[in-house]
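Reading through the structure tokens given below for one structure.
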Amino acid sequence: MHGLYTVFVAAVYFGTLAGAHKYSRSRHHLVARTPQFATNKTYTVQDFYQAEDFFNEWTFFTGTDPTGGNVAYQSMQDATSQGLAYVDDCNNSTVLAVDSNSSVPAGGNRPSVRITSNKSYTGGLFILDAAAMPVGCGTWPSFWSVGPNWPYAGEIDIVEGVNNQATNQMTLHSGTSAACTLDTAVNTSTSQAYTGQVMGTNCYSTASADAGCAFGDTDTRSFGYGFNNANGGVFALLWDASLGMSMWHFARSEIPSDITNLAPNPANWGVPAGFWSAQTCNISANFYQHSLVIDTTICGNWAGGAYSSSGCPGTCSDMVANATNFANAQWIINYVAVYQ
């Protein structure tokens with residue numbers, strides 16, 4: 001839901017294709033038919049981003065926020081000098097934060113950080129391990145990927161939500177005439193292909209209609225305060241042109257040992273939270289040459305538009321001026337890994 005790119009709520013938001021739900025640990029132990037969302041393959045690390053890698057192998061975006069957010073994205077030099085981007089030497093994690101000290105007028109632009117991987121990918125297994133994500137009224141954090149000339153090469157939103165949203169939303173945006181829809185027929189009472197709540201089935205997106213096809217997670221530990229209170233966790237995207245797109249979330253206490261051991265095997269992970277079958281979406285035609293993006297914007301098209309129904313006080317524009325509101329608006333990233 002990021003709109004035009006030059007280079008990417010609580011339950012009441014379901015009506016606007018935005019996410020929130022309740023989770024049971026049993027989702028990772030559901031018995032499915034021979035999985036269509038993963039096959040028993042050996043994955044090896046292609047790229048492993050940690051600590052200083054986010055400064056050396058990713059680019060700090062400094063342009064105007066494409067989603068209309070009230071942020072001023074900072075260069076690497078400015079972000080580091082302001083304490084908005086740094087490596088925590090105690091645990092080798094990378095912190096990417098929204099400014100919570102400066103005086104910014106209502107409706108102004110608060111300093112924040114958006115970074116993009118220098119490398120691009122067309123398929124693979126992508127894993128984000130984060131100890132915390134940004135929270136607070138008006139915030140819109142996301143971990144996503146995007147191809148060139150949006151929306152023609154597609155967009156994949158792995159982690160995304162706004163304001164006080166309770167659970168994660170996962171979305172695909174396609175931009176070509178090649179078919180791409182979310183196939184609900186693969187999920188039956190006897191054969192479960194996903195555990196999330198379907199929030200839209202038409203993946204085709206344009207500048208004026210970019211809802212995409214989405215799942216809302218059912219785990220309150222998958223986003224926001226619930227994620228942080230669980231000491232974070234792992235998000236995984238398996239992008240396989242022959243199978244489709246599959247996404248999982250694991251709370252910190254439930255991360256599979258193969259992920260921890262850097263030898264992941266999605267075939268062992270159980271039913272994913274979201275699954276987009278290649279049977280109804282031409283993956284190769286709609287998604288290619290994606291860069292990875294991590295950012296936090298404020299207000300903008302989604303967080304601002306959903307603000308009045310989010311339970312947050314006042315207006316989103318006024319909240320921009322409340323520096324203390326953004327004291328916990330930060331990513332704490334342990335690593336991002338890409339496997340092939």
Side-chain angles (χ1 to χ4, degrees), residues 7-8 45-63 65 71-102 110-121 124-136 139-145 158-160 223-225 227-237 249-253 255 259-262 264 290-298 323-339:
V7 179
F8 166 53
V45 176
Q46 177 182 359
D47 294 298
F48 192 86
Y49 301 106
Q50 187 175 46
E52 296 291 345
D53 295 334
F54 292 102
F55 298 83
N56 299 327
E57 299 178 49
W58 295 51
T59 297
F60 282 66
F61 176 79
T62 57
D65 180 32
V71 289
Y73 287 123
Q74 303 295 294
S75 66
M76 182 172 66
Q77 180 178 359
D78 290 341
T80 54
S81 66
Q82 297 174 58
L84 303 183
Y86 61 91
V87 174
D88 184 340
D89 292 330
C90 293
N91 51 27
N92 211 33
S93 61
T94 303
V95 178
L96 305 174
V98 175
D99 170 70
S100 61
N101 297 304
S102 300
R110 184 166 290 281
S112 186
V113 175
R114 168 174 163 164
I115 61 172
T116 304
S117 66
N118 294 338
K119 292 188 68 172
S120 62
Y121 306 92
L125 176 61
F126 304 82
I127 294 178
L128 165 69
D129 185 318
M133 68 171 61
V135 293
T139 59
W140 178 356
S142 52
F143 169 55
W144 49 292
S145 70
I158 305 164
V159 182
E160 187 176 33
F223 194 79
Y225 292 101
F227 180 83
N228 293 353
N229 291 339
N231 297 314
V234 158
F235 297 94
L237 161 68
H249 157 257
F250 299 101
R252 179 66 55 196
S253 62
I255 298 174
I259 292 180
T260 303
N261 295 331
L262 305 183
H290 276 213
S291 297
L292 306 177
V293 184
I294 302 172
D295 69 12
T296 308
T297 190
I298 301 171
T324 59
N325 176 67
F326 302 99
N328 294 310
Q330 61 179 11
W331 286 98
I332 303 178
I333 301 166
N334 292 329
Y335 70 83
V336 170
V338 180
Y339 296 84

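All residue numbers refer to positions in the sequence shown, counting from 1.
The aromatic rings of Trp58 and Tyr49 stand perpendicular to each other, their planes meeting at an angle above 60°, with 30° marking the opposite boundary.
We find the CZ-CE distance between Phe60 and Met76 to be 6.5 Å, quoted to the nearest 0.5 Å. Taking CG of Leu237 as the start and CZ of Phe143 as the end, the distance is 8.0 Å to the nearest 0.5 Å. Rounding to the nearest 0.5 Å places CG of Leu128 at 6.5 Å from CD1 of Ile333. Between Asn261 atom CG and Ile255 atom CD1 the span is 11.5 Å, to the nearest 0.5 Å. The line from CG of Leu84 to OG of Ser100 is 8.0 Å long, rounded to the nearest 0.5 Å. Interatomic distance, CZ of Phe54 versus OG of Ser117, reported as 10.0 Å (0.5 Å rounding).
With Met133 as the partner, the side chain to side chain contact (heavy atoms under 4.5 Å, CB included) test is satisfied by one option alone out of Asn228, Ile332, Asn328: Asn228.
In this structure Tyr339 satisfies the ring-ring contact (aromatic ring centres under 6.0 Å, His included) test with no other residue, sequence neighbours excluded. Remark: Phe126 pairs with Tyr121 by the ring-ring contact (aromatic ring centres under 6.0 Å, His included) rule, at least two apart or across chains.
Ser112 and Asp295 share no side-chain donor-acceptor pair at under 3.5 Å.
Annotation: side chain of Leu292 is in contact with side chain of Val338 (closest heavy-atom distance under 4.5 Å). The shortest side-chain heavy-atom distance between Thr80 and Phe55 falls under the 4.5 Å cut-off. For the pair Phe235/Phe227, a side-chain contact is recorded, criterion being any heavy-atom separation below 4.5 Å from C-beta on. Annotation: side chain of Asn92 is not in contact with side chain of Tyr335 (no heavy-atom distance under 4.5 Å). In this structure the side chain of Thr296 never reaches within 4.5 angstrom of the side chain of Ile298, judged on heavy atoms. When side chains are defined from C-beta on, Glu160 counts as touching Trp140, because their heavy atoms get closer than 4.5 Å.
The main-chain N or O of Asp99 is found under 3.5 Å from a side-chain atom of Arg110 such that the two form a donor-acceptor pair. A donor-acceptor pair is defined here as one N or O able to donate and one able to accept, closer than 3.5 Å; such a pair exists between the side chain of Arg252 and the backbone of Ala130. Between the side chain of Glu57 and the backbone N or O of Asp53 there is no donor-acceptor pair closer than 3.5 Å. Checking side-chain atoms of Ser142 against main-chain N and O of Val159 turns up no donor-acceptor pair under 3.5 Å.
Of all non-hydrogen atoms in Pro264 and Ile127, the two that sit nearest each other are CB-CD1, 4.2 Å. Pairing each heavy atom of Leu96 with each of Ala85, the nearest pair is CD2-CB, 4.0 Å. In terms of heavy-atom proximity, Val113 sits nearest to Ala79 at CG2-CB, 4.0 Å.
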**Message:** Using side-chain contact (heavy atoms from CB on, under 4.5 Å), reason through Val98 and Thr139 one step at a time and then give a plain yes or no.
**Reply:** CA-CA 9 Å; Val98 175; Thr139 59; 5.6 Å; no

